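What follows is a short report on a single structure.
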Protein chains: 2
Amino acid sequence: MTYTVQKLAALAGVSKRTLRYYDQIGLLKPAEINASGYRIYTEKEVDLLQQILFYRALEVDLNTIRSIVHSPAFDRKRALEEHRKQLAAKQQQINLLLGNVEKSIQMIERKGHMSAKEKFAGFKEEKLAENEAMYGEEVREAYGEEVVDAANQKFRDMTAVQYEEMQKTEQQLFLKIKEAMQTGNPAGTEALQAAELHRKWLAFTWPSYSKEAHAGLAEMYVQDERFTAYYENYIQKGAAQFLRDSIQHYTKG
Amino acid sequence: MTYTVQKLAALAGVSKRTLRYYDQIGLLKPAEINASGYRIYTEKEVDLLQQILFYRALEVDLNTIRSIVHSPAFDRKRALEEHRKQLAAKQQQINLLLGNVEKSIQMIERKGHMSAKEKFAGFKEEKLAENEAMYGEEVREAYGEEVVDAANQKFRDMTAVQYEEMQKTEQQLFLKIKEAMQTGNPAGTEALQAAELHRKWLAFTWPSYSKEAHAGLAEMYVQDERFTAYYENYIQKGAAQFLRDSIQHYTKG
DNA sequence: AATAAACGTTGACGCAACGTCAGCCGCAAG
DNA sequence: CTTGCGGCTGACGTTGCGTCAACGTTTATT
């Protein structure tokens with residue numbers, strides 16, 4: 001059984017253009033080019049195309065697909081078993097996205113008839129959803145599921161008053177860091193007060209405190225430029241660095 | 001507090017180019033362009049960028065994001081519902097692909113043959129419309145938002161391995177039912193194996209097993225046309241009926 | 001045998017969502 | 001005064017195709 005572009009395209013549910021492109025980049029070459037220059041495909045190419053499409057469905061880029069399916073070590077059955085695993089994972093991932101989309105929709109629906117209390121709860125949920133969608137995987141990887149869930153729960157349980165307290169504490173922290181930076185000494189009284197304020201601020205969302213975790217977070221402030229930028233913006237250049245040093249002295253003292 | 005491109009980029013974890021692009025396409029315009037032509041952003045734009053990035057994390061395209069963040073709540077809701085639909089469609093498609101994978105593996109193991117058409121099941125769009133009944137908006141209306149969300153939550157809480165196992169079991173169940181239907185005997189070995197697989201599949205979501213509940217669910221498969229449609233869609237006509245009969249023999253034997 | 005429809009072919013340009021140059025301007029520090 | 005940093009605007013590159021246009025082949029119909 002042989003196929004022309006049209007036939008194969010219809011069979012596999014891809015466009016003719018796609019087949020031409022795959023030929024062009026050497027991903028799927030026809031078995032033969034006939035006298036009139038037509039591309040002729042056979043069963044072998046059909047099987048290969050199937051594999052290619054599986055990888056494509058998993059969002060593997062064509063370059064990588066090429067090196068996989070043309071590798072001499074390529075084993076169809078093993079590949080299929082891997083597909084099963086990856087597809088299941090993908091489905092779960094989409095399910096997660098769906099959950100967040102769903103939450104957003106519900107927020108919109110409910111906002112109209114919410115009391116102030118409910119609106120605050122909604123506000124918190126929004127913040128959590130934002131966080132989860134953007135940093136969820138990263139943070140869960142670093143701190144573990146339970147810690148993150150506990151922290152989120154603590155955030156949920158906050159009252160509006162507590163939330164304001166937290167905001168105020170952060171402002172105080174910023175001012176204190178600025179003050180401390182004027183002394184230039186990350187081990188001085190001012191600096192240690194800043195570290196203390198930072199600890200207090202943390203306590204609003206962290207379920208428990210440990211010096212190690214505190215120092216670890218401080219380290220991240222200089223490692224991750226998003227945090228660095230955050231502090232430098234609200235305070236001044238070198239703020240993240242200074243805070244890190246202060247916290248190190250604080251946790252070691 | 002104001003931000004230049006660099007600052008905002010670092011803060012939000014995106015590139016300067018991205019901000020420039022978002023300005024260009026009118027997705028996120030700076031609050032002001034100062035005398036030297038610099039882009040100046042304020043807190044308002046920071047918030048907006050957060051929102052944009054949230055939707056981007058949900059794989060919404062920038063054009064849609066623009067209409068979401070710059071529109072009233074009503075349009076926002078519609079856009080999100082549309083996105084939800086797309087994600088749901090993607091999920092169904094992956095379901096079909098999982099069926100394809102399972103069948104391909106079985107065919108290799110049993111040295112059977114698949115038609116060229118079967119090899120591309122799930123890659124073509126054809127069948128998706130019929131699945132509306134099980135995954136589309138309709139089912140949300142029929143069972144209510146809460147029930148559907150709760151069901152999805154259950155899958156979300158499963159580990160990737162559990163989920164993969166469940167998918168695998170379901171696909172094997174489909175294949176076994178098809179096989180059993182060829183014998184025509186809902187009390188035969190094949191049919192009982194199918195019922196057994198169905199029990200195994202159930203175990204992933206049911207906390208405990210009882211013959212009565214199993215038989216009850218089987219009965220529902222023929223009573224509720226949505227379930228009937230689901231099985232007939234993935235297997236063939238009469239599948240729900242046949243499975244019901246098989247389970248009845250299984251639970252009574 | 002002529003002709004039209006339905007195929008096939010090769011360029012070539014367009015698209016999203018940026019990355020990555022090049023070339024230029026403004027401004028604070030050494 | 002020049003060095004370095006940050007800002008700016010083009011403009012071209014990338015991936016995986018969609019969508020013409022212009023032209024050759026095969027097949028069906030007149």
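Residue numbering restarts at 1 for every chain, and letters A, B, ... go by the order of the sequence lines. From a predicted model like this one, the values you see are computed outputs, not experimental measurements.
The listed nucleotides are D:dT9, C:dA17, D:dC17; the one nearest the side chain of A:R56 is D:dC17. Candidate nucleotides D:dG10, D:dT26, D:dG18 were compared by shortest atom distance to the side chain of A:Y38, and D:dT26 ranks first. Comparing D:dG7, D:dT15, C:dC18 by their closest approach to the side chain of B:T4 singles out D:dG7. Considering only the side chain of A:K16, C:dG8 comes nearest among C:dG8, C:dT9, D:dT15. Out of C:dT20, C:dC27, C:dA12, the shortest distance to the side chain of B:R17 is found at C:dT20. Among the nucleotides C:dG26, C:dC7, C:dT9, the one closest to any side-chain atom of A:V5 is C:dT9. Closest to the side chain of A:S15, from the set D:dG16, D:dC17, D:dC8, is D:dC17.
Using a 4.0 Å heavy-atom cutoff across all strands shown, A:R39 reaches sugar-phosphate atoms only and no base atom.
Regarding contacts with the backbone of D:dG7, a side-chain N or O of B:Q6 is found under 4.0 angstrom from either OP1 or OP2. Side-chain N/O atoms of B:S36 include none lying less than 4.0 angstrom from OP1 or OP2 on C:dC25.
Protein atom CG of A:N34 is 11 Å distant from nucleotide atom P of D:dT25, rounded to whole Å. Regarding A:Q24, its CD atom lies at a distance of 11 Å from the C1' atom of D:dG16, rounded to whole Å. The distance between atom CZ of A:R20 and atom P of D:dC20, rounded to the nearest whole Å, is 14 Å. Note: CG (A:L19) to P (D:dG18) measures 10 Å, nearest angstrom. Whole-Å rounding puts the A:Y21 OH to D:dT15 P distance at 7 Å. Straight-line distance from the CD1 atom of A:I33 to the P atom of D:dG24: 19 Å, rounded to whole Å. Across the protein-nucleic acid pair, B:L62 atom CG and C:dC18 atom C1' stand 9 Å apart, rounded to whole Å. In this structure, B:N63 atom CG and C:dG14 atom P are separated by 19 Å, rounded to whole Å.
Between A:I65 and A:V69 the shortest side-chain heavy-atom distance falls below 4.5 Å. Contact of the B:F123 side chain with the A:F54 side chain is registered, since non-hydrogen atoms from C-beta on lie closer than 4.5 Å. B:F120 is listed as a side-chain neighbour of A:L49, based on a closest heavy-atom distance under 4.5 Å.
Projected onto DNA chain C by closest heavy-atom contact, A:I40 and B:Y22 fall at different nucleotides, the more 5' of which corresponds to A:I40.
Here salt bridge (charged side-chain N to carboxylate O under 4.0 Å, His left out) pairs that include residues 213-226 of chain A, with residues two or more places apart or in two chains, are A:E138-A:R226, A:E219-A:R244, A:D224-A:R226.
Judged purely by atom type and a 3.5 angstrom limit, A:T183 uses its side chain to pair as donor or acceptor with the backbone of A:N185.
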